[in-house]
Amino acid sequence: QVQLVESEGGLVQAGGSLRLSCAASGSISSINVMGWYRQAPGKQREAVAAITSDGGTHYRDSVKGRFTISRDNAKNTVYLQMDSLKPEDTAVYYCHANHYGDIWGQGTQVTVSS
């Protein structure tokens, strides 16, 4: 079973940038879709961005043009570059893989101050 480990998040001011990484314990080349979700306090977990094995990407509307998802199959790592961060981006961010079921990382806190 592949395990996912997110990098440490952090505290950033509004308008700032942060890059998250998600390292897999095994090969991700056979995993068709990998993505990032987030969950803010008192809210449901929501999909943020996804990337397919052939590089196709999908974003929720609120992050389009600000977030960029990428994957490096050679390093078994998925990235989420977050620019122009807003306070409403504050949440715990989770890496996800759909591989014989749902696989989740442990989550990492991202806090954006106004």
Side-chain angles (χ1 to χ4, degrees):
Q1 178 79 330
V2 172
Q3 293 181 325
L4 305 175
V5 179
E6 297 100 341
S7 60
E8 188 173 345
L11 172 64
V12 63
Q13 288 189 332
S17 297
L18 197 62
R19 188 177 83 154
L20 302 179
S21 62
C22 169
S25 60
S27 174
I28 66 170
S29 59
S30 63
I31 300 177
N32 184 33
V33 182
M34 296 194 69
W36 290 91
Y37 285 69
R38 67 187 181 188
Q39 187 167 19
K43 295 188 177 181
Q44 290 188 330
R45 191 173 296 189
E46 61 185 21
V48 176
I51 185 166
T52 62
S53 56
D54 61 0
T57 57
H58 305 273
Y59 300 93
R60 71 179 302 104
D61 286 346
S62 62
V63 307
K64 284 180 180 177
R66 300 189 298 120
F67 288 12
T68 304
I69 188 171
S70 61
R71 64 192 285 171
D72 185 337
N73 288 344
K75 295 183 178 180
N76 297 319
T77 301
V78 176
Y79 303 95
L80 184 67
Q81 176 67 40
M82 304 183 291
D83 299 317
S84 300
L85 282 161
K86 303 176 181 181
E88 50 263 44
D89 294 318
T90 295
V92 177
Y93 283 71
Y94 297 89
C95 183
H96 173 265
N98 188 343
H99 188 61
Y100 300 105
D102 290 319
I103 304 174
W104 295 94
Q106 80 283 4
T108 187
Q109 177 69 48
V110 173
T111 303
V112 184
S113 63
S114 57

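A distance of 7.5 Å separates NZ of K86 from OG of S62, quoted to the nearest 0.5 Å.
Taking the six-membered ring for Trp and thresholds of 30 and 60 degrees, F67 and Y93 have ring planes inclined between 30 and 60 degrees apart. Taking the six-membered ring for Trp and thresholds of 30 and 60 degrees, H96 and Y37 have ring planes more than 60 degrees apart, a perpendicular arrangement.
Taking every heavy atom of both residues into account, A49 and Y59 meet most closely at CB-CD2, 3.6 Å. A91 and Q109 get closest at one heavy-atom pair: O-NE2, 3.5 Å. Of all non-hydrogen atoms in Q106 and E6, the two that sit nearest each other are OE1-OE1, 2.6 Å. Of all heavy-atom pairs between R71 and I51, the closest is NH1-O, 3.5 Å. In terms of heavy atoms, R66 sits closest to S84 at NH1-O, 3.0 Å. Counting all heavy atoms, side chain and backbone alike, L11 lies closest to S113 at CD1-CB, 4.3 Å.
A salt bridge links K64 to D61: one of the charged nitrogens lies within less than 4.0 Å of a carboxylate oxygen.
Between W36 and C95 there is a side-chain heavy-atom pair separated by less than 4.5 Å.
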Anything under 3.5 Å between a donor and an acceptor, one on a side chain of residues 20-29, the other on a protein residue two or more places apart or in another chain? List them.
residue : atom : partner : partner atom : Å
S21     : OG   : S7      : OG           : 3.4
S25     : OG   : Q3      : N            : 2.7
S27     : OG   : S29     : N            : 3.3
S27     : OG   : S29     : OG           : 2.9

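A single hydrophobic cluster is seen to contain both L18 and V78, as judged by linkage of ILVMFWY side chains at heavy-atom distances under 4.5 Å, directly or through other members. Under the 4.5 Å side-chain heavy-atom criterion for Ile, Leu, Val, Met, Phe, Trp and Tyr, M34 and Y94 are members of distinct hydrophobic clusters. The hydrophobic cluster containing L4 does not contain V92, counting ILVMFWY residues as joined when their side-chain heavy atoms lie under 4.5 angstrom apart, directly or transitively. Hydrophobic clustering keeps Y79 apart from V12 (ILVMFWY residues linked when any side-chain heavy atoms are closer than 4.5 Å, directly or through intermediates).
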When you look at R38 and V63, which way does the side chain to side chain contact (heavy atoms under 4.5 Å, CB included) test go after all the steps? CA-CA 12 Å; R38 67 187 181 188; V63 307; 4.0 Å; yes

Is there a side chain to side chain contact (heavy atoms under 4.5 Å, CB included) between V110 and M82? Walk through the geometry before answering. CA-CA 10 Å; V110 173; M82 304 183 291; 4.0 Å; yes

Starting from the C-alpha separation in whole Å, work towards a yes-or-no answer on side-chain hydrogen bond (donor to acceptor under 3.5 Å, both in side chains) for N32 and T52. CA-CA 5 Å; N32 184 33; T52 62; 5.2 Å; no

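Using a distance-only test at 3.5 Å, with no hydrogens or angles considered, a donor-acceptor pair links the side chain of R60 to the main chain of A47. For the pair T90 (side chain) and V112 (backbone), a donor-acceptor distance under 3.5 Å is present.
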